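Taking it in order: structure first as structure tokens, then the write-up.
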Amino acid sequence: MEDVALTLHADSIAQAVQMELISNVTRAIEKGGTAYAIDYCNTAAMSLTDSMSKVYGVQIQRITEKNRNLANVLKTSNDRTLYKMFDGQARLKDTLLYEGGKAIYYKRIHTAIPTCLGCHGDPKKDIHPETLRKIQLFYPNDSATGFSLNAFRAMWKITFPKD
Ligand code: HEC
């Protein structure tokens with residue numbers, strides 16, 4: 001595939017997974033409240049991205065410097081470079097590059113809706129104490145709080161297989 005087509009394809013994958021995550025977390029909050037939805041994210045977020053990776057035949061990750069799940073740290077030097085670029089350049093939406101012959105797509109993720117703040121916002125004013133306790137229980141090294149609405153939160157990283 002050409003770079004433009006790969007970029008569009010990767011973007012549509014990121015959007016599909018995002019929609020799935022948001023609708024699932026919203027449903028979990030409606031069913032049992034925000035603290036309950038932490039259990040849901042803890043067990044389901046990674047398995048959802050993993051199963052969608054299989055469906056699309058790519059590797060789908062959400063990575064960040066301020067991670068909650070330890071699996072989602074920045075690992076490569078490209079991860080770190082792109083994170084800094086997105087953080088510093090609000091108008092840079094996404095990018096496609098090659099590493100070891102594999103196409104990799106990065107796209108910014110923002111705390112785009114108020115719901116995000118219930119679990120990633122200010123621990124003193126946005127996150128309910130019961131939810132905060134749950135977060136600390138599951139993620140003793142959590143650094144994914146303190147975000148305001150529309151803040152840069154993380155990146156989609158979509159890795160295509162070598163062709
Ligand atoms: C009900 C609480 C809750 C809500 C609401 C929520 N998240 Fe999360 N989020 C979590 C938990 C818990 C994890 C860790 C999941 C895991 O263990 O895989 C997480 C992980 C993430 C990650 C992966 C990187 C990391 O830190 O591990 C991103 C990115 C993210 N959330 C963004 C968002 C955005 C954007 C929104 C709003 C659209 C949002 N979250 C709403 C609880 C929540």
Side-chain angles (χ1 to χ4, degrees), residues 10-56 58-76 78-95 104-159:
D11 186 30
S12 71
I13 293 173
Q15 281 185 45
V17 181
Q18 177 89 298
M19 271 174 53
E20 195 64 25
L21 281 168
I22 290 178
S23 71
N24 287 355
V25 79
T26 307
R27 215 176 307 131
I29 291 170
E30 278 164 6
K31 187 176 160 203
T34 308
Y36 162 81
I38 295 288
D39 295 83
Y40 168 79
C41 294
N42 176 253
T43 55
M46 291 304 271
S47 59
L48 183 96
T49 49
D50 288 350
S51 68
M52 291 191 84
S53 294
K54 290 203 185 80
V55 169
Y56 289 103
V58 295
Q59 186 190 16
I60 304 168
Q61 294 168 283
R62 293 184 302 163
I63 55 170
T64 177
E65 197 173 81
K66 298 173 189 161
N67 57 295
R68 178 155 292 167
N69 186 318
L70 289 172
N72 299 329
V73 290
L74 306 176
K75 292 192 184 87
T76 68
N78 277 329
D79 291 350
R80 285 183 282 273
T81 305
L82 266 299
Y83 187 88
K84 275 206 196 81
M85 285 174 69
F86 283 128
D87 202 18
Q89 302 174 40
R91 289 167 69 184
L92 180 66
K93 178 186 154 238
D94 59 3
T95 192
I104 306 180
Y105 173 81
Y106 291 89
K107 183 186 182 183
R108 54 197 311 140
I109 300 176
H110 283 236
T111 44
I113 53 173
T115 313
C116 309
L117 303 190
C119 301
H120 296 295
D122 183 337
K124 292 200 180 70
K125 76 173 204 278
D126 301 316
I127 305 179
H128 190 276
E130 192 193 341
T131 305
L132 195 60
R133 266 199 302 279
K134 265 283 179 58
I135 294 172
Q136 287 162 348
L137 185 69
F138 284 123
Y139 308 96
N141 300 309
D142 181 45
S143 46
T145 61
F147 292 89
S148 50
L149 190 61
N150 281 321
F152 172 50
R153 163 79 180 89
M155 308 183 289
W156 289 104
K157 179 179 182 183
I158 296 180
T159 308

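As the structure lists them, so they are numbered: ligands from 1, and atoms in each ligand from 1. Note that the structure is predicted; figures quoted are calculated from it, not measured.
Counting the atoms of ligand 1 from 1 in the order shown, those under 4.0 Å from a heavy atom of Ile113 are 38 (C). In the vicinity of Ala154, heavy-atom distances shorter than 4.0 Å reach the ligand 1 atoms 29 (C). The ligand atoms of ligand 1 that sit less than 4.0 angstrom from a heavy atom of Ala45 are 15 (C), 18 (O). Residue Ala37 approaches ligand 1 through these ligand atoms, each under 4.0 Å from one of its heavy atoms: 1 (C). Interface of Ile38 with ligand 1, defined as ligand atoms under 4.0 Å from a residue heavy atom, comprises 2 (C). Short contacts between ligand 1 and Thr115, defined as distances under 4.0 Å to a heavy atom of the residue, involve ligand atoms 5 (C).
Judged by distance alone, the side chains of Tyr139 and Asn69 never bring a donor and an acceptor atom under 3.5 Å apart. A donor atom on one side chain and an acceptor atom on the other are found under 3.5 Å apart for Tyr36 and Lys31.
Aromatic pair Tyr83/Phe152: centroids less than 6.0 angstrom apart.
On a distance-only criterion, Asn72 and ligand 1 share at least one N/O pair closer than 3.5 Å. Any N or O atom pair closer than 3.5 Å counts here, and Arg153 shares at least one such pair with ligand 1. The N/O atoms of Thr64, backbone and side chain alike, include none that comes under 3.5 Å of an N/O atom in ligand 1. Considering both main-chain and side-chain atoms, Tyr139 comes within under 3.5 Å of ligand 1 through a nitrogen or oxygen pair. In terms of polar-atom proximity, defined here as any N/O pair under 3.5 Å, His110 makes no such contact with ligand 1.
Taking only non-hydrogen atoms, the option from Arg62, Met46, Lys134, Gln61 nearest to atom 20 (C) of ligand 1 is Arg62. Of the candidates Lys66, His120, Glu65, His120 brings a heavy atom nearest to atom 19 (C) of ligand 1.
What sits closest to atom 3 (C) of ligand 1 on the protein, heavy atoms only, is Cys119 SG, 2.7 Å. Scanning the protein heavy atoms around atom 18 (O) of ligand 1, the nearest turns out to be Asn69 ND2, 3.1 Å. In this structure, atom 38 (C) of ligand 1 lies nearest to the protein heavy atom Cys116 SG, 2.6 Å. Nearest protein heavy-atom contact of atom 10 (C) of ligand 1 is Arg68 NH1, 3.6 Å.
Tyr106 has its side chain within reach of Asp79: a pair of non-hydrogen atoms, C-beta onward, lies under 4.5 Å apart. Between Met155 and Arg62 there is no side-chain heavy-atom pair separated by less than 4.5 Å. Side-chain contact between Thr145 and Arg68 is present, with at least one heavy-atom pair separated by less than 4.5 Å. No side-chain heavy atom of Asn78 sits less than 4.5 Å from a side-chain heavy atom of Ile104. Annotation: side chain of Val73 is not in contact with side chain of Ile63 (no heavy-atom distance under 4.5 Å).
A salt bridge is absent between Asp142 and Lys66; no separation between the charged side-chain nitrogens and carboxylate oxygens falls under 4.0 Å. A salt bridge does not link Asp94 to Arg108: none of the charged side-chain nitrogens sits closer than 4.0 Å to a carboxylate oxygen.
In the displayed structure, Gln15 atom CD is contacted under 6.0 Å by more than 12 heavy atoms of other residues, nucleotides or ligands. Shown here is Lys75, whose NZ atom has more than 12 heavy atoms of other residues, nucleotides or ligands within 6.0 Å.
Under a 4.0 angstrom heavy-atom cut-off, Gln18 registers as lying outside contact with ligand 1. Residue contact check for ligand 1: Tyr40 places no non-hydrogen atom closer than 4.0 Å to it.
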